[in-house]
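Working notes, structure below.
By convention here, the first residue in the shown sequence is residue 1. Order of listing sets the numbers, starting from 1, for every ligand and every atom in it.
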Amino acid sequence: MRSLIDILELSTAELEELVATAEDIIADPQKYAHKCDGKKLATLFFEPSTRTRLSFEAAMYELGGNVLGFSEAQSSSTAKGESVADTAKTVSCYADIIAMRHPKEGAPLVASLNASVPVINAGDGGHNHPTQTLADLLTIHRKKGRFDNLTVGLCGDLKFGRTVHSLIAALSRYENVNFVLISPRELVLPNYIKESLKSKNITFTETTDLQAIMPDLDILYMTRVQRERFFNEEEYLRLKDSYILTPEKLYNAKTDLSILHPLPRVNEISVAIDSDPRACYFDQVLNGKYMRMALILKLLEVC
Ligand code: CP
């Protein structure tokens with residue numbers, strides 16, 4: 001039995017196998033419509049979500065399975081003091097697979113060590129979000145046809161942005177990927193990730209100036225400043241609009257730039273960009289469902 005807590009638990013061959021399965025689902029959804037008949041997915045969300053929870057649920061329904069769960073901690077026995085370990089043991093009695101989001105880093109790992117069914121990390125605090133990375137990878141694959149030889153700009157809250165941490169980990173395994181880290185000084189990428197990049201001789205540059213590096217980018221991954229991770233509201237208000245992408249700011253961008261954002265957005269991307277063919281963020285939303293379908297099939301060992 002296998003869980004998915006960190007994207008690096010999947011080899012590059014497995015990532016590419018998931019992308020291939022997702023592409024096959026897109027080409028022939030009927031082939032997959034009964035693959036999970038009789039199976040149940042539990043979505044245990046201790047933190048708000050629109051895309052991740054609903055795409056997991058849509059994924060399981062489209063595979064023929066069923067869904068149970070909760071969307072806030074207050075409606076579960078966590079509100080009465082139950083531990084993550086006991087919740088995982090309990091839900092294992094009712095479901096075949098669990099997707100868990102939790103504000104505490106490591107909570108899905110604790111769940112996986114106590115559950116008797118596979119556990120998928122659907123986002124843990126400011127740490128990791130591996131299934132968002134699966135959505136990002138399918139989007140990059142569909143737009144660029146490759147994961148190597150890319151200059152990838154990551155912009156915004158690189159300190160708390162768990163999607164950025166997981167995407168860097170996944171893309172780090174490919175040749176000639178050059179990361180450009182664009183953030184206010186207060187929200188730079190954590191040192192442990194930078195040290196990991198250095199130890200693998202992966203090139204990255206840090207800057208506060210998005211406009212200056214725009215012409216170099218193949219991918220621009222915008223992120224929201226994560227209000228819920230700040231201890232100080234004033235600091236959040238000071239930093240929240242550090243980067244706002246508008247059509248004018250794309251004047252020196254490549255014509256085949258891909259603009260990604262895990263969503264939700266607040267102000268980081270003007271809605272005027274939504275109709276630009278380079279905007280890929282709603283493709284990411286849909287691709288997330290297909291990759292979660294592929295992941296559920298893999299972890300349930302359904303052929
Ligand atoms: N990208 C993402 O995790 O969105 P939600 O918080 O809506 O699930």
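Salt bridge annotation for E186-K159: absent, with no cationic side-chain nitrogen under 4.0 angstrom from a carboxylate oxygen. Under 4.0 Å is where a charged nitrogen must lie from a carboxylate oxygen, and between K104 and D124 no such pair does. Ion pairing between a basic and an acidic side chain is recognised when a charged N comes within 4.0 Å of a carboxylate O; R162 and E47 show such pairing.
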Ligand 1 N/O to protein N/O, distances under 3.5 Å:
{"residue": "ligand 1", "atom": "1 (N)", "partner": "Q132", "partner atom": "OE1", "Å": "3.0"}
{"residue": "ligand 1", "atom": "1 (N)", "partner": "P262", "partner atom": "O", "Å": "2.9"}
{"residue": "ligand 1", "atom": "1 (N)", "partner": "L263", "partner atom": "O", "Å": "2.9"}
{"residue": "ligand 1", "atom": "3 (O)", "partner": "T52", "partner atom": "OG1", "Å": "2.9"}
{"residue": "ligand 1", "atom": "3 (O)", "partner": "R101", "partner atom": "NH2", "Å": "2.9"}
{"residue": "ligand 1", "atom": "3 (O)", "partner": "H129", "partner atom": "NE2", "Å": "2.9"}
{"residue": "ligand 1", "atom": "4 (O)", "partner": "R51", "partner atom": "NE", "Å": "3.1"}
{"residue": "ligand 1", "atom": "4 (O)", "partner": "L263", "partner atom": "O", "Å": "3.4"}
{"residue": "ligand 1", "atom": "6 (O)", "partner": "R101", "partner atom": "NH1", "Å": "2.9"}
{"residue": "ligand 1", "atom": "7 (O)", "partner": "T50", "partner atom": "N", "Å": "2.8"}
{"residue": "ligand 1", "atom": "7 (O)", "partner": "R51", "partner atom": "N", "Å": "3.0"}
{"residue": "ligand 1", "atom": "7 (O)", "partner": "R51", "partner atom": "NE", "Å": "3.2"}
{"residue": "ligand 1", "atom": "7 (O)", "partner": "R51", "partner atom": "NH2", "Å": "2.9"}
{"residue": "ligand 1", "atom": "8 (O)", "partner": "S49", "partner atom": "OG", "Å": "2.6"}
{"residue": "ligand 1", "atom": "8 (O)", "partner": "T52", "partner atom": "N", "Å": "2.9"}
{"residue": "ligand 1", "atom": "8 (O)", "partner": "T52", "partner atom": "OG1", "Å": "2.7"}
{"residue": "ligand 1", "atom": "8 (O)", "partner": "R101", "partner atom": "NH1", "Å": "3.4"}
{"residue": "ligand 1", "atom": "8 (O)", "partner": "R101", "partner atom": "NH2", "Å": "3.3"}

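Sorted by first and then second residue, the side chain to side chain donor-acceptor pair (under 3.5 Å) pairs with a member in residues 86-98 read E82-T87; sequence neighbours excluded.
Shown here are the side-chain contact (heavy atoms from CB on, under 4.5 Å) partners of R265, two or more places apart in sequence or in another chain: H261, L263, E268, I269, V271, D274, Y281, F282. Partners of S199 by side-chain contact (heavy atoms from CB on, under 4.5 Å), not counting sequence neighbours: none found.
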